[in-house]
Amino acid sequence: MLTAGRVSGSGAAPPLPVETQIVATPDGLSALRSLTFERRDIVAACRRPQSVAELAARLHLHLNVVRVLAEDLCAAGHLAVHVPNAGTVHDISVLRRVIDGLRAVPDSRGSLRDSG
């Protein structure tokens with residue numbers, strides 16, 4: 001329901017990679033009161049740049065839901081999207097830091113995820 005059945009990357013552009021950094025724009029922050037539910041939460045949480053994966057974990061939303069809503073918010077001028085260059089995406093140290101960051105996010109019981 002949140003995405004009206006749409007999936008990320010269903011248009012001409014491919015889906016946003018999980019490491020894509022998103023940040024609220026001044027227009028997005030000024031429109032917070034007019035945004036609804038998850039859209040408002042996403043823009044409010046993006047006062048500081050963060051990856052799509054971090055945002056999904058923080059808001060307890062499915063990754064693809066965040067992708068679709070972030071694409072919508074970007075098209076409306078509420079978010080700025082910064083896709084990293086391809087060389088960085090394939091750097092194993094970057095991937096390890098993303099994995100470590102995701103493990104540091106507490107689960108629904110407030111416990112840290114297994115580091116193994």
Side-chain angles (χ1 to χ4, degrees):
M1 289 189 61
L2 295 175
T3 65
R6 292 173 299 131
V7 294
S8 180
S10 60
L16 292 175
V18 296
E19 67 277 4
T20 299
Q21 297 289 303
I22 53 178
V23 64
T25 63
D27 287 343
L29 293 174
S30 66
L32 273 176
R33 289 185 175 170
S34 67
L35 297 173
T36 57
F37 308 109
E38 287 79 9
R39 287 172 176 79
R40 179 180 54 237
D41 293 344
I42 289 171
V43 173
C46 289
R47 285 184 168 98
R48 297 178 68 199
Q50 58 190 300
S51 72
V52 171
E54 290 171 312
L55 185 60
R58 175 168 293 143
L59 297 178
H60 304 286
L61 291 171
H62 191 279
L63 179 61
N64 286 329
V65 169
V66 171
R67 283 175 164 159
V68 170
L69 296 179
E71 290 169 357
D72 291 349
L73 290 163
C74 181
H78 300 309
L79 290 179
V81 175
H82 305 282
V83 180
N85 68 39
T88 303
V89 172
H90 298 293
D91 181 349
I92 192 70
S93 66
V94 172
L95 295 175
R96 174 55 53 199
R97 289 194 311 267
V98 169
I99 290 169
D100 291 344
L102 290 172
R103 285 188 177 138
V105 176
D107 64 16
S108 61
R109 298 173 305 220
S111 302
L112 292 181
R113 290 173 170 78
D114 185 348
S115 61

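These figures come from a predicted structure and were not determined experimentally. Quick note: residue numbers are just sequence positions, from 1.
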Answer yes if V66 and V81 sit in the same cluster of Ile, Leu, Val, Met, Phe, Trp and Tyr residues linked by side chain heavy atoms under 4.5 Å apart, and no otherwise. yes

State the CD1-OG distance between I22 and S51, to the nearest 0.5 angstrom. 8.0 Å

Tightest non-hydrogen contact, residues A80 and H82, listed as CB-NE2, 3.9 Å

Cluster link L73 to V18, ILVMFWY, side chain under 4.5 Å: yes

Just by modelled atom types, is the L16 backbone N or O under 3.5 Å from a matching donor or acceptor in the R67 side chain? yes

Is it the case that one hydrophobic cluster holds both L32 and V23, taking links as side-chain heavy atoms less than 4.5 Å apart, direct or via other members? no

ILVMFWY cluster, L61 and L55 together (side-chain gap under 4.5 Å): yes

Single hit among D72, N64, V65 for side chain to side chain contact (heavy atoms under 4.5 Å, CB included) with V68: D72

What are the two closest heavy atoms between L35 and G28, and how far apart are they? CD1-O, 4.4 Å

Between the side chain of R39 and the main-chain N/O of T36, is any donor-acceptor distance below 3.5 Å? no

Ignoring hydrogens and angles, tell me if any N or O in the side chain of T25 forms a donor-acceptor pair with the backbone of G77 under 3.5 Å. yes

In this structure, NE2 of H78 is separated from CZ of R40 (nearest 0.5 Å) by 12.5 Å

How would you list, by chain and number, every residue that makes a side chain to side chain donor-acceptor pair (under 3.5 Å) with R58, sequence neighbours excluded? Q50

Could you measure the distance from the SG atom of C74 to the CG atom of L69? Nearest 0.5 Å is fine. 12.5 Å

